[in-house]
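Take a look at the structure set out below.
When a ligand or atom number is given, it counts from 1 through the structure's own listing order. All values reported here derive from a predicted model rather than from experimental measurement.
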Amino acid sequence: MFDVQNIRKDFPILNREVNGKPLVYLDNAATSQTPQQVIDVIVDYYANYNANIHRGVHTLSQEATDKYEQARIKIQEHFNIKKAHEVIMTSGTTHSINLVSNGFSSLVKEGDELLVSAMEHHSNIVPWQMLCERTGAELKVIPMNAQGELVMEDYHKMLSEKTKLVFCNHISNALGTINPIQEIIDAAHKVGAAVLIDGAQAAPHLKADMQSLDVDFYTVSAHKICGPTGVGMLYGKEEWLGKLPPYQGGGEMIAEVTFEKTTYADLPHKFEAGTPNICGGIAFGAAIDYMNAIGFDAIAAYENELLKYATNELLKIDGLKIYGTAEKKTSVVSFNIKGLHPYDIGSILDKLGIAVRTGHHCAQPIMDYYKIPGTVRASFAFYNTKEEIDVLVKGVERAMKMLL
Ligand SMILES: *Cc1c(COP(=O)(O)O)cnc(C)c1O
């Protein structure tokens, strides 16, 4: 039995009130909440062994280094990554994607094609547009349909020997769609293209296996899986990470520095210039432990129940339309009410203590596709309840009474 009430006790923030009402936190696709187990790890770091890593001979530095490298191993094991040095610690998905897109500056040229899905987060669009501006390569868009699914027939037709890179999210943050990434990866590899999958929205809901996917790059942000902000992972296949030049220069990423010539450190340090988010990295490992202790199968089953319940209850509201009705989706419900602006609904919900996201969700092309300014997005985590969904539905009805 999935004991949600017991799980909720791990999250101190869920006890607070907002505008005099109990907090109903339904903005998990933007960031997840942090359990006490992870908060304890953060406090323990600063209270007991805060020190810079990899450089010191002293005890604190060694303790911090050990814990930080243990976190890398936890990440490696969680995502079934072959080698620990294929785990690059970054500040999150945005940093990870920029690291790769910058590295490809010398590896793509005019005449090359890069394929991007129509439902990407801006952080998986803009860095590639910048790469195309630098190199003259062309960005082409894999279209989506009204359900919010990629048109895979078109994707297969777009692939050619000109295709150098394909990038796509594993799960859409705006629509909840689970994309057929295995098919995307396999087809891209047949034409010799590399694939980057943005896993920021998938990591909270499922456990992705890097070796069985055979993906070239995969990105994660710790703050979406109960970890802190400002830390994340770039997974890269060793052969690709070897080909890419360093992204930033500085301490930690060098083998030897003279004013004539600098040689770079081995993986992963080549891509980890400067003092990293040490505490964040260690807490990232603790967040993975926390989620695994609950179990991803249990999380997925429970969240799917929440998704079905929320979808059914919301659709009972007259004039409510849900965007993103893919057959395979996770617990995200993006919706609008006929005649109302999403921002106005969101503001009234906030007065009732309900936190939802309103706007384009960093995915403006999706909103353009549907010809809407944005949506109200309720995104559920394993610590949400059906009772909270009832509060949301009542809140939306209340907003309609006030605004319509
Ligand atoms: C949140 C998110 C990002 C951006 O992650 P950051 O942590 O802000 O770098 C990118 N893509 C998707 C699908 C996301 O959900």
Side-chain angles (χ1 to χ4, degrees), residues 25-34 38 75 88-102 116-130 142 144 148-150 166-181 184 195-206 208 215 217-235 247-248 271 276-277 280-281 283-284 287-288 303 323-324 326 328-334 355-367 369 374-375 377-381:
Y25 185 78
L26 304 178
D27 193 18
N28 295 286
T31 202
S32 55
Q33 294 303 343
T34 318
V38 173
I75 297 164
I88 309 297
M89 304 291 269
T90 65
S91 72
T93 290
T94 304
H95 176 195
S96 300
I97 295 172
N98 277 278
L99 190 161
V100 177
S101 65
N102 268 276
V116 60
S117 104
M119 63 175 88
E120 291 313 295
H121 189 285
H122 295 161
S123 69
N124 205 19
I125 301 174
V126 183
W128 304 110
Q129 286 174 325
M130 291 161 70
I142 310 160
M144 60 178 251
E149 293 166 329
L150 292 176
V166 176
F167 18 94
C168 179
N169 53 42
H170 193 165
I171 293 179
S172 159
N173 62 303
L175 303 172
T177 309
I178 305 175
N179 284 309
I181 60 164
I184 290 170
V195 181
L196 179 142
I197 299 293
D198 167 358
Q201 205 58 236
H205 305 293
L206 55 87
V215 66
F217 301 100
Y218 195 93
T219 66
V220 171
S221 295
H223 70 92
K224 294 197 176 163
I225 55 166
C226 300
T229 56
V231 66
M233 152 187 108
L234 168 66
Y235 161 73
Y247 177 41
Q248 291 182 319
F271 293 110
N277 184 349
F284 183 6
I288 285 179
E303 287 177 344
Y323 298 88
K328 291 189 174 157
K329 68 177 278 193
T330 48
S331 47
V332 170
V333 184
S334 248
V356 293
R357 198 71 158 187
T358 65
H360 55 57
H361 319 300
C362 294
Q364 247 170 357
I366 297 181
M367 304 305 138
Y369 173 87
T375 68
R377 182 188 68 187
S379 51
F380 311 105

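Counting protein heavy atoms only, atom 1 (C) of ligand 1 is closest to Lys224 NZ, 1.2 Å.
Residue contact check for ligand 1: His223 places a non-hydrogen atom closer than 4.0 Å to it.
Taking the six-membered ring where tryptophan is involved, the planes of Trp128 and Phe167 are essentially parallel, since the angle between them stays under 30° and well short of 60°.
Tyr323 approaches Leu175 most closely through the heavy-atom pair O-CD2, 3.7 Å.
Near Thr93, meaning under 4.0 Å from one of its heavy atoms, ligand 1 places the atoms 5 (O), 9 (O), 10 (C). Of all the atoms in ligand 1, the ones that sit under 4.0 Å from a non-hydrogen atom of Ser221 are 5 (O), 6 (P), 7 (O), 9 (O). Close contacts between ligand 1 and Asn173 involve ligand atoms 13 (C), 15 (O) [criterion: under 4.0 Å to a heavy atom].
Polar contact check, Gln201 against ligand 1: a nitrogen or oxygen pair lies under 3.5 Å apart.
Of the candidates Val332, Thr94, Asp198, the one placing a heavy atom closest to atom 9 (O) of ligand 1 is Thr94.
Inspection of the His95 and Tyr247 side chains reveals no N or O donor paired with an N or O acceptor under 3.5 Å.
Applying the side chain to side chain contact (heavy atoms under 4.5 Å, CB included) test between Ile171 and each of Asp198, Val332, Leu206, Ile181 identifies Leu206 as the sole match.
Looking only at distances, no side-chain donor or acceptor of Ser221 sits under 3.5 Å from a matching main-chain atom of His223.
Looking at Thr375 and His361, their side chains come closer than 4.5 Å, going by heavy atoms from C-beta outward.
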